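Residue numbers begin at 1 in each chain, while the letters A, B, ... track the order of the sequences. Every value quoted in this text rests on a predicted model; they were computed, and no experiment measured them.
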There are 2 protein chains.
Amino acid sequence: MLAIGTLAKRTGTKVQTIRYYEQIGLMPEPGRSEGGQRRYGPLELDRLAFIRHSRQLGFSLESIRELLDLSDSPERSCAQVDAVAQKHLHEVEARIARLEALRVELKRMIGECRADRVANCRILEVLRDHEECLSDHDRPGS
Amino acid sequence: MLAIGTLAKRTGTKVQTIRYYEQIGLMPEPGRSEGGQRRYGPLELDRLAFIRHSRQLGFSLESIRELLDLSDSPERSCAQVDAVAQKHLHEVEARIARLEALRVELKRMIGECRADRVANCRILEVLRDHEECLSDHDRPGS
DNA sequence: GCTTGAACCTACAGTGGCTGTAGCTCGTAT
DNA sequence: ATACGAGCTACAGCCACTGTAGGTTCAAGC
Ligand SMILES: [Zn+2]
Ligand SMILES: [Zn+2]
Ligand SMILES: [Zn+2]
Ligand SMILES: [Zn+2]
């Protein structure tokens, strides 16, 4: 039986994060020691490892919840699992596309600045006026 | 003099967002009508346009605050402005790199799944065990 | 057995950048 | 004069944590 700190170390998680996962029902309520401290077994270790690895791959906690639920029904077709992963891939690709457009625009405005005074800094000019931009970028956000 | 809703429409901002910017000191406290409603002039319009466009280019509100402060000293060298933009570019590039690694890993695991049962879904196998991954991905988060 | 101190506990506030809601008041067109 | 859209304040909620305060428990060393 592992104390929460040991579980945290084994999975590269912070202690508070584990308690947070419990609070939102992503980790089960574990057994307790006589004094009331959490004690974890191998099942919980595996579950937390799954959660953490999914997080490293960028899945949302909501998607992870879905994936965990699905993996409790081993007989079912994995179509839904694949759909969750596909959707996530698309979102990642969309974010890359947006960031790539940003990168191009930023690089251009930085390259155009002749490093003079603030009064005629190219970067500030572009920020003041979207007409100076080549790409469209409607929604602020990541 | 513009009411807040008009300013919002002109800049593609939500009314609450403008009030939020005022609350955190990014927009100045505007004049008020007799009845106490906010009234904006062209200076505020320009400032909000600058903020919004900077947000579209991914700058944080903290960076935007800095850029706005800097642009109040037109005589100074724009080195600091350029540094803010450079730093942001590097962060964007770092995020692209991370997302690109994610994309590769996700695409691989999706491609390897033979779309069978949950019990032997390749996606779940990879999520359970980072050893199945090719890349390293230490920190969760975008 | 006793003391120490690291690790644990709960509860709550804060992060960034908004967004939404409730319950009012104001402005303006007819 | 009245209707109603637009404005007002204050506060809660989103995501995924992270940090803090103030107290309790555990395990090792003596
Ligand atoms: Zn410059
Ligand atoms: Zn632009
Ligand atoms: Zn599958
Ligand atoms: Zn991995």
*Would you indicate, yes or no, if D:dC17 has its OP1 or OP2 atom less than 4.0 angstrom from a side-chain nitrogen or oxygen of A:Tyr21?*
yes
*A:His88 vs A:Phe59 aromatic rings, parallel, tilted or perpendicular, using cut-offs 30° and 60°?*
tilted
*Report the distance from atom CD1 of A:Ile64 to atom P of D:dC15, rounded to the nearest whole Å.*
13 Å
*Go through residues 82-89 of chain B and report each residue with a non-hydrogen atom lying under 4.0 Å from DNA chain C, sorted by number.*
none
_Distance in angstrom units between B:Ile51 CD1 and C:dC18 C1', rounded_ = 14 Å
*Output every pair passing ring-ring contact (aromatic ring centres under 6.0 Å, His included) with a member in residues 93-121 of chain B, not counting sequence neighbours, ordered by first then second residue.*
none
_Whole angstroms only, please: what is the CZ-P distance between B:Arg55 and C:dG16?_
12 Å
*asked:* Could you tell me how far apart B:Glu29 (CD) and D:dT9 (C1') are, to the nearest whole angstrom?
replied: 14 Å
_Non-hydrogen atoms of B:Glu125 and B:Glu132 that approach each other most closely_ = O-CG, 4.1 Å
_I need a per-nucleotide contact map over nucleotides 8-15 of chain C, read 5' to 3'. Cutoff is protein heavy atoms under 4.0 Å; write B for the base, S for backbone only, - otherwise._
SSB-----
*asked:* Distance check needed: D:dA6 C1' versus B:Arg10 CZ, whole Å only.
replied: 16 Å
*Does OP1 or OP2 of C:dC18 have a side-chain N or O of B:Arg52 closer than 4.0 Å?*
yes
_For a quick check under 3.5 Å, do B:Tyr40 and B:Arg47 share a side-chain donor-acceptor pair by atom type?_
no
*Quick one: is B:Ser33 getting a side-chain N or O under 4.0 Å of the D:dG7 phosphate, OP1 or OP2?*
no
*Between B:Lys14 and C:dG20, is there a side-chain N or O to OP1/OP2 distance below 4.0 Å?*
yes
*Would you check if A:Arg103 and B:Glu93 make a side-chain contact, meaning some heavy-atom pair closer than 4.5 Å?*
yes
*So which one's nearest nucleotide on DNA chain D is more toward 5', A:Glu34 or A:Glu62?*
A:Glu62
*asked:* With rounding to the nearest 0.5 angstrom, report the OG to CG distance, A:Ser63 to A:Leu68.
replied: 11.0 Å
_Nearest heavy-atom neighbours spanning A:Ser71 and B:Arg128_ = CB-NH1, 4.2 Å
*With a 4.0 Å cut-off, would you call A:Arg65 and A:Glu62 a salt bridge?*
yes
_Presence of B:Ser60 side-chain N/O under 4.0 Å of C:dG16 phosphate oxygens OP1/OP2_ = no
*Whole angstrom is fine here: how far is it from CD in A:Glu91 over to P in D:dC15?*
13 Å
*Between C:dG16 atom P and B:Leu26 atom CG, what is the distance in whole Å?*
13 Å
*Name of the residue among B:Glu44, B:Arg19, B:Met27, B:Glu29 meeting side chain to side chain contact (heavy atoms under 4.5 Å, CB included) with B:Arg38*: B:Arg19
*Which whole-number value in Å describes the distance from A:Leu61 CG to D:dC15 P?*
9 Å
